[in-house]
Every structure is written in C-alpha cells, then in structure tokens.
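Following: one structure in structure tokens, then a few remarks.
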There are 2 protein chains.
Amino acid sequence: MRQDTRLSRLLHVLLHMAQTDAPMTSQQIAVMLGSNAVVVRRIMAGLRDGGYVEAERGHGGGWRIIRRTDEITVLDVYRSLGSPDLFAFGFSNPKPPCLVEQSVNATIEDTIQTATTSILGQFGALRLSQIEAEVRDRMPPLG
Amino acid sequence: MRQDTRLSRLLHVLLHMAQTDAPMTSQQIAVMLGSNAVVVRRIMAGLRDGGYVEAERGHGGGWRIIRRTDEITVLDVYRSLGSPDLFAFGFSNPKPPCLVEQSVNATIEDTIQTATTSILGQFGALRLSQIEAEVRDRMPPLG
DNA sequence: GGGTCGTGTAACTTTACCTATTACATGACC
DNA sequence: GGTCATGTAATAGGTAAAGTTACACGACCC
C-alpha cells in the first residue's frame, strides 16, 4: 500500500519556512519537495485554515509561518491534514452479525486504539522546535 | 487510503475452522467473508506454508486447521501474510541530502518504531484461544 | 476412466486514495 | 495592463489490495 507522505512533507516545509523571513512560493517549496506547486497549495491549505501559516498573493507573495516553532506540535500538523488514517490495516465490516468476527474486530480495534494513543501522544509532545534542535545536532561544526 | 483487511479476515477464518473438524472449502469461506474463493486461497497460502493449515483437494477436500488455537498467535498470522506495512504514513525519500528532511524522517521513524514494537508485542502476546474466549463471552446464555 | 469437486496460480480488471498535471479565476504589486 | 502568486476544480497517473476469469492439477466417486 502506498504511504501517505503529507505529514513528513508539511513538517519539512514548516521547518524551512521557520528559517527565513521571506515568504516562500509554492513553486519553490515544490522544487524542495520534488513535488508540484498545486500539490503544495493543497496540503498547505489545512495549515492556513489552522492559523499556522499565511499565504500572500502577487509579487513578493508566498507562504510564511506565523507561529513560533515551539507553539506548533506535530499533532497540530497532523490534524491540519484532517487526521488521516494512521494504520494500513483494519477490518472490512464494522458491524458484523457474526460473533466471531465481532471478537476479531474488537481485538484489532483494541490494538489500534492503544497504538493510536501512543502515536498521537508522541505527536502531541513533539514541538517543531525540538526537530529544529535535532537539525542543529546534525550540522557539521562551522569553520 | 484503502486498508488491508487480510489480517482480520484470516483470524476470522481460522477461528471458524477451529470450531469444526470437517474441512471448509474456499467457496464456503468466501461466502462467510463476503469475498471470493480465489482471494481466499491467496490469503490462505501463507498460512499453509507456515504449517498452520492444510488444504486437501478433490471430493470432501478443503481447508483444515492443524494447530491448536493456543499455539497460534496473531503475530504468526500477521507474519504469514508477509509482514505487510502497519502504517499508512511515512516519508517519501529514505535518504535525503537535506538535513532538515533527515531530522523529520528520524522523528517519524522513531514514532513508527515505537508503535511497531507496541503493536507486534500485542500481536505476539495474543493467542487465537484468547479471541475464542472472547467469543464465548459474547454468546448469549443457552436455554 | 470419465465426471465432478476442490486446490493452485497466472492474468486481468476493479477500486480507492494519494500524487501529479492542466486549466483558469482571483488578487496584489510594479 | 502585465506579471506573479495563490485558490480550486477537473483530470490523469501510480500503487496495492480485492475481485474476476481461466485453466492446470489432483482426488474421489460412479
């Protein structure tokens, strides 16, 4: 199954936007992501509606981050995407008449529930500023 | 993203097979799952190769479970499917030159790693017999 | 041994969803 | 007014599971 890469793309974009004051155009971002300007605008729409970024049109326009990186968590970004499915597996029939299938569903559901709590908990605890700090760790020393 | 329902289907089938001595044909199973006999044979192939079920051809043939339900874990069934991806999200470029993207990937990877451990741990601890017990809990009392 | 029933598999189609592309309207600046 | 940029609809592409068709192989029954 093809994976949804929007979350990691958005994080990538936001961190770059945080590094500069100048607005970035969708086209610039698209090149950075190896993607397409329209795709970029599409996935940025949620962040704009969530109040994390701003878009200006015309000459000198583009996208700008309008919150500090310690005010945005990975969970915020995930929610801006509309909280897409986290898991690649699930069950076909949500309300089966068969008791056996009900139990199987309950079992899978329980696992998914536990893992969801774990993942969203991690996302919620992770601020963009922490990823920024990790970037600095990866930077080779200057001079 | 469409979800992979093979795991829950296999569990469902195995538990029904454990309830009877007579072999079940792919067609019977397909009706049970609201699916197709060829699809059933396809997803059962891994269980057969893993030594959990046996298939006999011809008159009176079909699928039979050849292990006790307390000898099979959900993890075994999952592995029989070839350990498919658990998560619907991921990153596009596994080895990006960009330091920022590297950090984002590491962050996502860390979350996925933690959640994978949690999920596979739960799968490994869950025997089919435990799901059977849950089915009994759901049964209305007799008489 | 021919007929029927069942698995085993290959090949193709369908389905669903993210991704990519095209096209065009709208707004902002020079 | 022209150009640059976002906003969005409409359409095509890519991928993987699910569904379908077709047929070979093997086992049982008469």
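Quick note on labels: first sequence line is chain A, next is B, and so on, each numbered from 1.
- Once rounded to the nearest 0.5 Å, the distance linking CG of A:N93 with OG1 of B:T5 reads 10.5 Å.
- Side-chain N or O atoms of A:S118 include none that pairs as donor or acceptor with a backbone N or O of A:T114 at under 3.5 Å.
- A donor-acceptor pair is defined here as one N or O able to donate and one able to accept, closer than 3.5 Å; such a pair exists between the side chain of B:Q28 and the backbone of B:T25.
- In this structure, A:I131 CD1 and A:E134 CD are separated by 8.0 Å, a value rounded to the nearest 0.5 Å.
- Heavy atoms of A:G62 sit under 4.0 angstrom from primed sugar atoms or phosphate atoms, though from no base atom.
- Following rounding to the nearest Å, A:F87 (CZ) and C:dA16 (P) show an atom-to-atom distance of 23 Å.
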Below 3.5 Å is the cut-off: list the nitrogen or oxygen pairs between protein and nucleotides 24-27 of chain D, distance only.
| unit_1 | atom_1 | unit_2 | atom_2 | d |
| --- | --- | --- | --- | --- |
| D:dC25 | O2 | B:R57 | NH1 | 3.1 |
| D:dG26 | N2 | B:G58 | N | 3.1 |

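- Here the C1' atom of nucleotide C:dG8 and the CD atom of B:E54 are 16 Å apart, to the nearest Å.
- For the OP1/OP2 pair of C:dT19 and a distance below 4.0 Å, the side-chain nitrogens and oxygens of A:S35 include no atom meeting the criterion.
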Taking only distance into account, with no hydrogens and no angle test, what donor-acceptor pairs under 3.5 Å do side-chain atoms of residues 60-74 of chain B form with protein atoms, sequence neighbours excluded?
| unit_1 | atom_1 | unit_2 | atom_2 | d |
| --- | --- | --- | --- | --- |
| B:W63 | NE1 | B:S26 | OG | 2.9 |
| B:R64 | NH2 | B:E56 | OE2 | 2.8 |
| B:R68 | NE | B:D70 | OD1 | 3.2 |
| B:R68 | NH2 | B:D70 | OD1 | 3.3 |
| B:R68 | NH2 | B:D70 | OD2 | 3.4 |
| B:T69 | OG1 | B:E132 | OE1 | 2.7 |
| B:E71 | OE1 | B:R68 | N | 3.1 |
| B:T73 | OG1 | B:L75 | N | 3.3 |
| B:T73 | OG1 | B:D76 | N | 3.1 |
| B:T73 | OG1 | B:D76 | OD2 | 3.2 |

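- For the pair B:Q3 CD and D:dA18 C1', the computed distance is 14 Å after rounding to whole Å.
- Rounded to an integer number of Å, the gap from A:L33 CG to C:dA20 C1' is 13 Å.
- Counting heavy atoms from C-beta outward, A:V100 and B:L11 have side chains that stay 4.5 Å or more apart.
- A heavy atom lying under 4.0 Å from DNA chain D marks the following residues of residues 36-51 of chain B, by number: B:N36, B:V38, B:V39, B:R42.
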Pairs under 3.5 angstrom only: tabulate donor-acceptor contacts from the side chains of residues 16-23 of chain B to other protein residues two or more places apart or in another chain.
| unit_1 | atom_1 | unit_2 | atom_2 | d |
| --- | --- | --- | --- | --- |
| B:H16 | NE2 | B:H12 | NE2 | 3.0 |
| B:T20 | OG1 | B:A22 | N | 3.2 |

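- Other residues, nucleotides and ligands contribute more than 12 heavy atoms inside 6.0 Å of the CZ atom of A:R48.
- Comparing the end axes of the helix from C:dG1-D:dC30 to C:dC30-D:dG1, each fitted to five base pairs by superposing C1' atoms of four pairs onto the next four, gives an inter-axis angle of 10° (nearest 10 degrees).
- For the pair B:Q3 (side chain) and A:F91 (backbone), a donor-acceptor distance under 3.5 Å is absent.
- Between the side chain of B:E101 and the main chain of B:C98, no donor-acceptor pair closer than 3.5 Å is present.
- Residues A:E56 and B:P84 both approach DNA chain D. Their nearest nucleotides, taken by heavy-atom distance, put A:E56 toward the 5′ side.
- Side chain to side chain, A:S83 and A:R79 fail the donor-acceptor criterion of an N or O pair below 3.5 Å.
- Side-chain atoms of A:D85 never come within 3.5 Å of backbone atoms of A:F87 as a donor-acceptor pair (strictly under, hydrogens ignored).
- Going from atom CG of B:L86 over to atom P of D:dA17 covers 13 Å, rounded to whole Å.
- Rounded to the nearest 0.5 angstrom, B:M24 CE and B:I29 CD1 are separated by 5.0 Å.
- Ring-plane geometry between B:Y78 and B:F123 is classed as tilted, the angle between the planes lying from 30 to 60 degrees on a 0 to 90 degree scale.
- The distance from atom CG of A:L7 to atom P of C:dC18 is 13 Å, rounded to the nearest whole Å.
- Across residues 8-29 of chain B, B:R9 each have a non-hydrogen atom less than 4.0 Å from an atom of DNA chain D (numbered order).
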